[in-house]
Amino acid sequence: MNTETLNKEEKSAKITERMSGSEAVIKCLLAEGVDILYGYPGGAIMPVYDELFKYRDKIHHVLTRHEQGATHAAQGYARISGKVGVAMATSGPGATNLITGIADAQIDSTPIVCITGQVASHLLGSDAFQETDIVGISTPVTKWNHQITKASEIPSVLAKAFYIAKSGRPGPVLIDITKDAQFEQFDFSYEKCKGVRSYNPVPKTDIDDVKAAAQLINAAKKPLIVWGQGVILSEAENELKEVIEKAGVPAAWTILGASAIPTAHPLNVGMVGMHGNYAPNMLTNECDVLIAIGMRFDDRVTGNLNSYAKQAKIIHFEIDPSEVDKNVKTDLAVLGDAKESLKQLLPLLIANSHPEWHQKFKDLYAIEYEKVIKHDIHPTKEGLTMGEVLKEINIQTKGNAAIVSDVGQHQMIACRYAEFTTTKSNITSGGLGTMGFALPAAIGAKMSAPERDVVAIIGDGGYQMTIQELGTIFQQKVPVKIVVLNNEFLGMVRQWQQLFFDKRYASTEMTNPDFVAIAKGYYIDAKKVTQRNELKDAVAEMMACEGPYFLEVRVEKEDNVFPMIPSGASVSDIRLE
C-alpha cells in the first residue's frame, strides 16, 4: 500500500462531529489549550459568544471594558506565560479597537491570536452596518491574517493561526469570521498545525558561523554582549548566563530583554538605550567585539547609526533573517534559535575574565551613581522621586515581582531601577510605546501567573487612557497592585519640551481627578501618598492586601530622567544632566 493511499485512509478515519462554525471556534480554542479569553461581544461575533456560554466551565471569558484592553490583557498573559494570548471582538469598531494592541504585539514579538466577527459574506463590500475591512486594516501590523467565509475553513485556519503566532519569531495573528460561517453546519475535526509550506520559522544554525563567532569572542580584548527579548522568547536564559560567565563578557540589555539575567548578576552591566546606563552606552563605542543576541538594533538603542560601534566587529545572533543588516551592518550573523545557537557556542568558548575591561564599567557606573542614581533613589529634595518609589517596591517584593510598566518617564525609571530575580518579570510596551498598555496588561499577567506579585507602574497620563479597566479588575477580582506616579504632567513630553523647546510646556500639564475616589468607586482599596514618611507603610499595606490595590504617589512635577541620549545623537553623547 503506497503512502498516498495511507494518507487517504487516515483522513477518512478521522473522527468528525457535526456542528456549527461558532461551536467549532470554541472546540479549536480548547484543542489549543486556551483557558482564558479576553474580549467584548457584539452582533457579528454573537454566535461564537453564544457557544462560549455553553463552555464557560472550560474557557474563562474576561469581559474587558474596551477592546484595546482585551489585546493588552492578552499581551500581558502571553508575555508572562510564554503561551499564546487570545482576544475576541465584533466587527467594525470592535475590530478596529484591537489595532493598537495588535500593532504593539507585532513590534514587540508577542504571540496573540485575535478573532473578530464580520458581517455575512453576501454583504461584504456593501458598507453594511459595522462592516470594516479589518483584514486590509490589520495587514501591516499582523504576522498573518485571514478572513473565513466558510465554516469548513475554521479548523485548519485556526490551527495555522496558533502555529504562526507562536513559532519562530512570535507575533499577532488576526482571523476574521463572517457571521454566516459562524452559523453554518459542517463535519468538524481538528488537527494541530505542524508546518506551513514556504514558511520557515527557525532557520537552521550553521555550525561554521558559530565557530567563527567563538573565534571572534575568544580573541576579543573588550567584548560586550547586548541581549534582547529574543533570549526570553527562546527560553535561552540559562544558556546566556553560562556564555557570559565562561567568557567573562559584560552583558547589557534592551528594555524587553530585562530580567533574563538577574539584576544583581556581577556581569549584568545594565540597560542600553536612550535612558539606559552610562557605562554600556559609552563603552558600546569602545568595545572591539559587540555580540547582539535576540535584539533588533532599535533606534532607541543605537542612537545615530553613523557613529554606532564603528570600531567593533559585530556578531548578530538572530532568528529573523530580515533583521540582519537592516539597521546595523554586521560582520557575522548566526541565524537560528538563540537557545540552540548559544548551546553550540558554549563549548567553543575559552574561559576568560577581562578584569581591566570590567573595571571601566565599574568606573563609569561610579560616575553615574554620583551624578544620577544617588539623587534618584536617595533624594535630598523635599518631594518624592519615582526612583525611591521603585526602591521601596524592590525592598518589599525582594525583586520577585513582575513589573508591568506603561510608557513615559515612569517606564524608564521602572526599567532602570526595578530589581529582578526571575525571568519574564519586565512587561512593558517597547517598540510602539503605547500609553495605556500597563493596566490591562497587568490584568493578563496576573491571571496568567496568579502565584506571582504583579505590580503595575503607571503615569497619570497613560493611566487615564485605559482607566476603565478598573471595572474589569473589580468584576474579575484580579489582585493586581496599581501604582500611579502622579506628576501632573505628560512627563516625558514635558522633559523634551524643557530640554529642547525652551520650556514651552504646550498641552502637557494635566488637571487630574481624584484617583483614589475613582478606585474606591470600583470597590478597590486605595491610598494616596504625598510625603516621604508615608511611603514605606503604604507600599507594605498594598503588598499585604489580598485583593487589588491602588496607590497614588505624588512625585516631583518637573523631575527629569537621566542619563539621556538626545534624539539623533551618538550613544557616546549620553548626558548625565
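Everything numeric here is computed off the predicted structure, so don't read it as measured data.
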Residues forming a ring pair (Phe, Tyr, Trp, His ring centres under 6.0 Å) with [X], sequence neighbours excluded:
| X | value |
| --- | --- |
| Phe515 | Tyr463 |
| Tyr77 | none |
| His375 | none |
| Phe562 | none |

How long is the span from the [atom1] atom in [X] to the [atom2] atom in [Y], to the nearest 0.5 Å?
| X | Y | atom1 | atom2 | result |
| --- | --- | --- | --- | --- |
| Gln409 | Phe489 | CD | CZ | 10.0 Å |
| Leu439 | Ile467 | CG | CD1 | 8.0 Å |
| Thr90 | Ile115 | OG1 | CD1 | 13.0 Å |
| Asn486 | Leu384 | CG | CG | 11.5 Å |
| Asn487 | Asn512 | CG | CG | 9.0 Å |
| Asn426 | Arg79 | CG | CZ | 7.5 Å |

Side chain to side chain donor-acceptor pair (under 3.5 Å) partners of Arg554, counting only residues at least two apart:
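Partners of Arg554 under the side chain to side chain donor-acceptor pair (under 3.5 Å) test: Glu488.
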Under a 4.0 Å N-O cut-off, is there an ion pair linking Asp559 with Lys381?
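Between Lys381 and Asp559 there is a salt bridge, with a charged N closer than 4.0 Å to a carboxylate O.
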Between the side chains of Glu370 and Lys374, is the shortest nitrogen-to-carboxylate-oxygen separation below 4.0 Å, so that they form an ion pair?
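Answer for the salt bridge query: yes.
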Write out all pairs satisfying ring-ring contact (aromatic ring centres under 6.0 Å, His included) with one or both partners inside residues 393-434, taking only residues at least two apart or from two chains.
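For residues 393-434: none.
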Test: ring-ring contact (aromatic ring centres under 6.0 Å, His included). Region: residues 522-545. Which pairs qualify, not counting sequence neighbours?
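Listed by first then second residue: Phe474-Tyr523.
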Are side-chain heavy atoms of [X] and [Y] found at a separation under 4.5 Å?
| X | Y | result |
| --- | --- | --- |
| Ile134 | Ile99 | yes |
| Pro172 | Val141 | no |
| His60 | Gln476 | yes |
| Leu233 | Pro170 | yes |
| Glu237 | Glu235 | yes |

Within the side chain of Asp298, is there an N or O that forms a donor-acceptor pair under 3.5 Å with the backbone of Arg300?
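Judged by distance alone, yes, a pair lies under 3.5 Å.
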When you measure from the side chain of Trp227 to the backbone N and O of Ala251, does any donor-acceptor pair fall under 3.5 Å?
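Not confirmed, Trp227 side chain does not pair with Ala251 backbone.
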Can you list every side chain to side chain donor-acceptor pair (under 3.5 Å) pair that touches residues 568-577, not counting sequence neighbours?
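Counting only pairs at least two positions apart or across chains, the side chain to side chain donor-acceptor pair (under 3.5 Å) contacts touching residues 568-577 are Asn285-Ser570, Asn285-Ser572, Ser307-Ser570, Ser570-Ser572.
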Name all pairs fulfilling the salt bridge (Lys or Arg N to Asp or Glu O under 4.0 Å) condition that reach into [range], sequence neighbours left out, sorted by first residue then second.
| range | result |
| --- | --- |
| residues 406-426 | Glu368-Arg416 |
| residues 529-541 | Glu388-Arg532, Lys527-Glu541 |
| residues 431-455 | none |

For the pair Tyr365 and Tyr369, name the ring-plane relationship: parallel under 30°, tilted 30 to 60°, perpendicular over 60°.
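Tyr365 and Tyr369: tilted rings.
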With salt bridge (Lys or Arg N to Asp or Glu O under 4.0 Å) as the test, pick out the partner of Glu509 among Arg494, Lys557, Arg504.
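For Glu509, the salt bridge (Lys or Arg N to Asp or Glu O under 4.0 Å) test succeeds with only one of Arg494, Lys557, Arg504, which is Lys557.
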Would you please test His265 and Glu245 for side chain to side chain donor-acceptor pair (under 3.5 Å) and show each step?
CA-CA 10 Å; His265 193 288; Glu245 289 176 348; 2.8 Å; yes
Side chains of Thr421 and Asn400: do they bring a donor and an acceptor to under 3.5 Å?
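Present: a donor and an acceptor within the cut-off.
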For Ala456, all residues meeting side-chain contact (heavy atoms from CB on, under 4.5 Å), sequence neighbours excluded
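Partners of Ala456 under the side-chain contact (heavy atoms from CB on, under 4.5 Å) test: Ala442, Ile458.
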Passing candidate, side-chain hydrogen bond (donor to acceptor under 3.5 Å, both in side chains) with Ser109, options Arg296, Arg169, Lys143
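The single option meeting the side-chain hydrogen bond (donor to acceptor under 3.5 Å, both in side chains) with Ser109 is Arg169.
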